[in-house]
Amino acid sequence: MASESRLAQVGTTIPVRNVQDLAACNAGDLTAEALERYIRPDIDKDAVLYEHSGELPVVDLGRLFDPQSWEEEAAKLRYACEEWGFFQVLSHGVPEEVMANIKRDIQEFFQLPLDVIKELLRTNPRRPSRIWKSLEDYSVELKKVAHSIVTAIGRILNVDPELLSDKYAVQVLRMNYCPPCMSMAEKVLGFSPHSDGSFLTILSQVNSVQGLQIRRHDAWIPVKPHPEALLVNVGDLLEIMTNGRFKSIEHRVIINARKERLSKKLSLYRTVKVEDYFAHYMSNKLDGKRALDYVKLL
Ligand SMILES: O=C(O)CCC(=O)C(=O)O
Ligand SMILES: [Fe+2]
């Protein structure tokens, strides 16, 4: 897709040492210098509130689309987006088999030596191997989940459904791997604190190792996801488009001393074409900030 290839050219990634190799080093070689990139001196600055883990909002998609329970469930979704920026989604409808296949294949993928992975990606990234099929199936399913959540958000915000139509959506799937770190587990982070640049992110753990923490009231809340839930968070684009009403919350991932951690995330972006904006601008009479309102949701 044209939008995908344009997206692939946005920026480049910073080259880093192979983290599997790093994790396999003798503890003596893992000096502060070798791990400099991952050490966060401010890691202990804010408290970690384990006792609040159970409070992460839960939204049931089935109830959200049942006219009997819509209002109650929509209130939960609104509260989650405004107050937490993160929530768990139950009854998401992704078949168990699709979930199981993708988990199995991602774990296998990260066990391959780096040169084999590189070769696999270089020679033919779309060749018909098992992982591509699993990724494809998972992406198709998550597209449906994303569509449902975005539709519900549109209803909550009372915006023209056309503005949130799928034709403006671009979907990117990423697999994350954080190796174990025996020598300095309490000083390094798998992911430094950040908020996502997406419109919406749908996260799911691949193995059972937890580590995600989200910022809330100047502290970190560890996320303990329900085993069947998908985890959804508001991204920066949605915060911008809702004029700050929905919150794109900072989060980070801590490292496990003994076990690797795997997760996958689907980022949903929304595009507004400059041509569309100008067409809208030029084809209407001047009317205050109407053209800007066209690109903002609220
Ligand atoms: O692995 C996770 O749970 C979170 C990863 C993350 O924050 C990201 O990929 O943006
Ligand atoms: Fe993130």
Side-chain angles (χ1 to χ4, degrees), residues 7-8 10-14 16 19-20 23 37-38 40 42-43 46 48-50 52-54 56-58 80-81 84-89 92 94 99 102-103 105-107 109-110 135 138-139 142 145-146 149 170-181 185 188-216 219-240 246-270:
L7 223 106
V10 177
T12 51
T13 52
I14 305 168
V16 290
V19 288
Q20 277 112 327
R37 185 189 163 77
Y38 304 99
R40 295 289 307 207
D42 52 354
I43 199 166
D46 300 304
V48 178
L49 304 178
Y50 291 90
H52 290 274
S53 288
L56 188 66
V58 179
C81 292
W84 281 78
F86 268 79
F87 52 97
Q88 308 186 67
V89 171
H92 47 68
V94 180
M99 274 308 205
I102 183 94
K103 285 184 179 177
D105 291 348
I106 291 180
Q107 294 189 70
F109 181 79
F110 281 109
L135 288 168
Y138 184 69
S139 296
L142 277 220
V145 177
I149 298 170
V170 177
Q171 191 172 299
V172 179
L173 187 62
R174 189 172 84 189
M175 306 180 279
N176 296 324
Y177 174 92
C178 294
C181 181
V188 299
L189 283 176
F191 274 86
S192 294
H194 67 280
S195 62
D196 289 352
S198 59
F199 180 82
L200 206 68
T201 300
I202 307 183
L203 268 171
S204 159
Q205 268 180 219
V206 169
N207 64 4
S208 57
V209 179
Q210 292 174 359
L212 178 65
Q213 300 185 340
I214 65 176
R215 236 233 202 281
R216 187 157 170 75
W220 294 105
I221 313 266
V223 173
K224 287 196 190 135
H226 183 290
E228 273 143 43
L230 291 168
L231 193 63
V232 177
N233 64 284
V234 171
D236 292 350
L237 292 179
L238 184 51
E239 174 167 330
I240 293 168
F246 285 5
K247 305 289 184 308
S248 173
I249 295 293
E250 243 184 283
H251 49 287
R252 67 180 190 176
V253 175
I254 58 160
I255 285 275
N256 188 291
R258 288 170 198 284
K259 293 192 219 134
E260 61 192 15
R261 177 172 189 279
L262 297 164
S263 65
K264 52 192 179 311
K265 89 161 185 178
L266 182 112
S267 306
L268 193 72
Y269 296 88
R270 303 204 82 75

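Just follow the structure's listing: the first ligand is 1, and inside any ligand the first atom is 1.
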Distance in Å, His92 NE2 paired with Met99 CE, rounded so as to fall on 0.5 Å steps: 4.5 Å
Nearest 0.5 Å, please: how far is NE2 in His226 from CG in Leu231? 13.0 Å
Can a cation-pi geometry be assigned to Arg270 and Phe199, taking NZ or CZ under 6.0 Å from the six-membered ring centre and within 45° of the ring axis? yes
What protein heavy atom sits nearest atom 5 (C) of ligand 1, and how far away is it? Asn176 ND2, 3.5 Å
Side chain or backbone of Asp196 under 4.0 Å from ligand 1, or both, or neither, by non-hydrogen atoms? side chain
Under-4.0 Å heavy-atom contact with ligand 1, by part of Val253 that carries it: side chain
Here the gap from Leu200 atom CG to Leu237 atom CG, rounded to the nearest 0.5 Å, amounts to 10.5 Å
Restricting to non-hydrogen atoms, name the atom on Trp220 and the atom on Pro193 that form the minimum distance, rounded to 0.1 Å. CH2-CB, 3.9 Å
Those atoms of ligand 1 less than 4.0 Å from some heavy atom in His251: 7 (O)
Ligand 1 atoms nearer than 4.0 angstrom to some heavy atom of Arg174 are 8 (C), 9 (O), 10 (O)
Look only at the side chain of Arg215 and the backbone of Glu250, and say whether a donor-acceptor pair between them is shorter than 3.5 Å. no
Counting each atom of ligand 1 from 1 as listed, which ones have a heavy atom of Phe191 under 4.0 Å away? 5 (C), 8 (C), 9 (O)
Heavy-atom nearest neighbour in the protein, as seen from atom 10 (O) of ligand 1, with distance rounded to 0.1 Å: Lys265 NZ, 2.8 Å
Would you check, one step at a time, whether the test side chain to side chain donor-acceptor pair (under 3.5 Å) holds for Asn256 with Arg258? CA-CA 6 Å; Asn256 188 291; Arg258 288 170 198 284; over 6 Å; no
Please list, in number order, the atoms of ligand 1 under 4.0 Å from a heavy atom of Ser263. 1 (O), 2 (C)
Gap separating the CD1 atom of Ile102 from the CZ atom of Phe109, nearest 0.5 angstrom: 10.5 Å
Any non-hydrogen atom of His194 lying under 4.0 Å from ligand 1? yes
Would you indicate whether the side-chain heavy atoms of Ser192 and Arg40 approach each other to under 4.5 Å? yes
Is there a heavy atom in Arg261 that sits closer than 4.0 Å to ligand 1? yes
Return yes if a side-chain donor-acceptor contact under 3.5 Å exists between Ser204 and Lys264, otherwise no. yes
Environment of the Fe ion (ligand 2) in terms of protein N/O/S atoms, cut-off under 2.8 Å: His194 NE2, Asp196 OD1, His251 NE2
Under a 4.5 Å cut-off applied to non-hydrogen side-chain atoms, are Gln213 and Ile254 in contact? yes
Any heavy atom of Leu203 under 4.0 Å from ligand 1? The part involved is side chain
